[in-house]
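Report on one structure; see the data block that follows.
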Amino acid sequence: MKNSEIADVLDGIADVLEFEGDNVFKINAYRKVARRIREIPEDIEQLYQSGQLSKIPGIGKNIAEHIEEYLKTGSISKYRELLSRVPSTFVEMMKIPNLGPKTLKLLYEHFKIQTIEDLKNVLEKPEAINLPGMGEKKIQNIKNGIQLYLTKRTHQRISLGIALPVVDEIVKYMKQVCKDISPCGSLRRMKETIGDIDILCTADNKDKVVKRFISYPGVQSIIAEGETKSSIIVKDHMLQIDLRVVEPESYGAALQYFTGSKEHNIKLRTIAKEKGLKISEYGVFKGEDRIAGKSEEEIYKIFGMPLIPPELREDRGEIEAAIAGKLPHIIKYDDVKGDFHIHTNYSDGISTIEEIVKKAIEMGYQFIGLCDHSQTSKFAGGLNVERLRERNKEIDRIARKYPQIKIFKAAEVDILGNGEMDYPDEILAELDFVIGSIHQGFKKNVTERMIKAMENRYVDIIGHPTGRLISSREGYEVDIDKVIEYAAKTGTALEINAYYDRLDLNDVNAMKAKEKNVMIAIGTDAHNIKMMEYMTLGVAVARRAWLEKSRLLNCYDWKKMPVKRNK
DNA sequence: GCCGTTTTCGGCCCGACTGTTTTCAGTCG
């Protein structure tokens with residue numbers, strides 16, 4: 001799919017136009033389309049071929065032509081031409097915090113800077129300070145921005161699973177001086193990766209809040225300490241945390257506003273305007289009167305909508321659905337009755353079967369799927385047939401001790417280089433269900449091998465179907481659309497692997513799977529009992545993909561396992 | 001650049017913070 005490539009180029013065009021001081025609305029038009037293309041589940045190339053490009057709101061004659069040119073030639077002449085008018089490392093320099101297009105242009109025109117190195121040198125010159133609008137502090141801020149950019153470049157956005165505990169700790173720390181407190185932004189929307197983090201609170205003594213915040217033990221540096229907004233960077237992953245203190249009567253409005261997404265809010269504002277209302281982080285206003293603001297429910301109610309779950313707030317049709325009363329009843333965090341993918345200490349996990357079972361009971365589960373690796377995965381302590389049977393006997397023994405929970409004797413079986421499974425069918429038949437996973441040959445006919453695996457009646461689930469690692473790996477060379485198509489055809493479920501660095505399927509692909517009526521199974525891929533708690537992340541992906549309970553094997557349909565053999 | 005059950009022209013979300021100014025521009029979210 002070329003969606004993100006094209007989105008990047010359109011954003012690039014917007015960047016240069018901004019640098020040149022072009023019409024802001026024109027710039028926004030490009031940005032809107034870029035964002036939209038990045039988010040839609042459909043393949044932009046297919047939309048183009050079926051003549052449906054113009055159906056995407058925001059794409060008119062011009063941008064449609066740009067997209068067509070990109071699809072045909074791999075680049076856009078307008079963008080090439082624009083780039084020839086700016087410094088050579090323009091694209092990078094635009095990402096430096098505190099340095100916007102206007103300042104960059106000012107420095108470029110006076111000093112002809114070409115690289116970040118040039119920029120650094122120029123900032124040391126006394127002439128720079130004397131430019132109109134420049135000053136000592138501004139120079140220092142840009143220098144800090146460069147520093148931040150260079151350190152952040154390697155790990156720009158961070159996985160939700162990393163950010164959540166960091167934020168939990170800060171929230172706990174701040175609770176002492178706050179009345180209400182909640183994270184907002186992409187973290188509250190449970191996006192798979194998080195940039196900056198916003199925390200919102202109310203308090204009797206605002207001063208106390210700011211003071212406590214900037215003296216948080218994990219603080220690396222303080223960026224701002226205003227009356228309503230303070231920002232710090234914490235040592236933990238160099239995350240930037242913004243804290244806002246608001247009045248109680250605006251808490252709901254602020255929570256709504258700062259949770260975003262930006263696109264969701266813009267749509268909401270447009271609707272407000274149509275109704276002669278004004279919505280801001282302070283509330284919904286009719287003239288001078290605040291008619292809502294204390295709670296989020298109140299705000300959505302004004303516009304004739306039920307509360308939209310934060311995970312859906314991406315302007316992917318949720319506002320229209322809410323108005324029409326057709327918001328789906330997406331899965332809730334406690335709807336999950338078990339975990340399909342847990343490794344025991346028989347292969348490369350470190351927890352015993354009994355420890356896992358106890359943890360599962362504590363989590364309120366009705367079932368768990370114990371999935372150790374198969375024989376070829378030697379690096380992961382894969383079980384040969386004999387060990388597998390030993391493990392299964394042990395499971396039977398533990399199962400008699402804990403009759404309140406169903407323990408599936410399952411396995412994560414390698415899909416081999418030729419598409420065969422790593423155990424013969426008669427062994428697979430001894431298992432309660434089978435997850436088929438690719439662990440080797442990431443570039444070798446992955447799509448065909450997965451299809452062959454799905455055609456096997458013992459393979460119920462395809463594990464981590466794209467193989468991506470958020471922090472470090474692109475994933476397999478796989479045609480995910482084709483995999484989804486065959487999953488539908490063969491009745492095979494696809495996994496949402498909830499391990500924090502995988503989240504695979506992601507929300508966009510899970511949405512596609514939903515459209516084709518493919519069943520989804522969430523598994524944590526836990527290697528110890530602590531990791532079983534990553535289930536939250538998997539459910540978040542499902543929620544963001546608009547999945548209802550009926551689409552997830554984890555809710556009531558787990559009893560149908562093994563789904564294909566039981567058909 | 002896009003868009004339109006009042007519009008093919010005239011709109012397009014809006015406020016806070018910072019720093020440089022002395023009323024505002026740039027940046028951010």
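This one's a predicted model, so the numbers in the text were calculated from it and none came from an experiment. Naming convention: chains lettered A, B, ... in sequence-line order (proteins, then strands); numbering from 1 in each chain.
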For a quick check of understanding: with a heavy-atom distance under 4.0 Å over all strands, which category does [X] fall into, base, sugar-phosphate or nothing?
{"X": "A:N141", "answer": "sugar-phosphate"}
{"X": "A:K32", "answer": "nothing"}
{"X": "A:N28", "answer": "nothing"}
{"X": "A:Y257", "answer": "base"}
{"X": "A:K102", "answer": "sugar-phosphate"}
{"X": "A:P132", "answer": "nothing"}

[N] [atom2] sits how many Å from [X] [atom1], rounded?
{"X": "A:I142", "N": "B:dT27", "atom1": "CD1", "atom2": "P", "value": "8 Å"}
{"X": "A:D11", "N": "B:dG1", "atom1": "CG", "atom2": "C1'", "value": "15 Å"}
{"X": "A:L131", "N": "B:dA25", "atom1": "CG", "atom2": "C1'", "value": "15 Å"}
{"X": "A:I67", "N": "B:dG1", "atom1": "CD1", "atom2": "P", "value": "13 Å"}
{"X": "A:L10", "N": "B:dG1", "atom1": "CG", "atom2": "P", "value": "12 Å"}
{"X": "A:F258", "N": "B:dC14", "atom1": "CZ", "atom2": "P", "value": "15 Å"}
{"X": "A:E18", "N": "B:dT27", "atom1": "CD", "atom2": "C1'", "value": "10 Å"}
{"X": "A:R269", "N": "B:dG29", "atom1": "CZ", "atom2": "P", "value": "16 Å"}

Taking the [atom1] atom in each of [N] and [M], what is the distance between them to the nearest angstrom?
{"N": "B:dT8", "M": "B:dC2", "atom1": "C1'", "result": "12 Å"}
{"N": "B:dC13", "M": "B:dT18", "atom1": "P", "result": "26 Å"}
{"N": "B:dT20", "M": "B:dT27", "atom1": "C1'", "result": "14 Å"}
{"N": "B:dC9", "M": "B:dA16", "atom1": "C1'", "result": "33 Å"}
{"N": "B:dT7", "M": "B:dC3", "atom1": "C1'", "result": "10 Å"}
{"N": "B:dT6", "M": "B:dG11", "atom1": "C1'", "result": "14 Å"}

Minimum side-chain heavy-atom gap A:E5-A:Y70 below 4.5 Å: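 Counting from C-beta outward, A:E5 and A:Y70 do come under 4.5 Å.
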Any A:E127 side-chain heavy atom under 4.5 Å of A:N130 side chain: no
Contact nearer the 5' end of DNA chain B, comparing A:H66 with A:F25: A:H66
Upstream residue (5' side of DNA chain B) when A:N98 and A:A224 are each assigned their closest nucleotide: A:A224
Distance check: side-chain N/O of [X] vs OP1/OP2 of [N], anything under 4.0 Å?
{"X": "A:N62", "N": "B:dC2", "result": "yes"}
{"X": "A:K229", "N": "B:dG15", "result": "no"}
{"X": "A:T270", "N": "B:dC12", "result": "no"}

A:Y500 and A:Y534 aromatic ring geometry - parallel, tilted or perpendicular at 30°/60° bounds: tilted
Gap between atom [atom2] of [Y] and atom [atom1] of [X] - 0.5 Å precision:
{"X": "A:Q114", "Y": "A:D118", "atom1": "CD", "atom2": "CG", "value": "7.0 Å"}
{"X": "A:K229", "Y": "A:R244", "atom1": "NZ", "atom2": "CZ", "value": "5.0 Å"}
{"X": "A:I279", "Y": "A:K275", "atom1": "CD1", "atom2": "NZ", "value": "11.5 Å"}

Partner nucleotide, any strand, of B:dT8 [Watson-Crick/G-U, under 3.5 Å]: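 Answer to the pairing question: none, since B:dT8 forms no Watson-Crick or G-U pair.
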Nearest-neighbour nucleotide for the [X] side chain, [options] considered:
{"X": "A:K137", "options": "B:dT20, B:dC12, B:dC13", "result": "B:dT20"}
{"X": "A:Y30", "options": "B:dG1, B:dG19, B:dC12", "result": "B:dG1"}
{"X": "A:K138", "options": "B:dA16, B:dG19, B:dG1", "result": "B:dG19"}

side-chain contact (heavy atoms from CB on, under 4.5 Å) assessment of A:I199 paired with A:S182: CA-CA 6 Å; A:I199 301 175; A:S182 167; over 6 Å; no
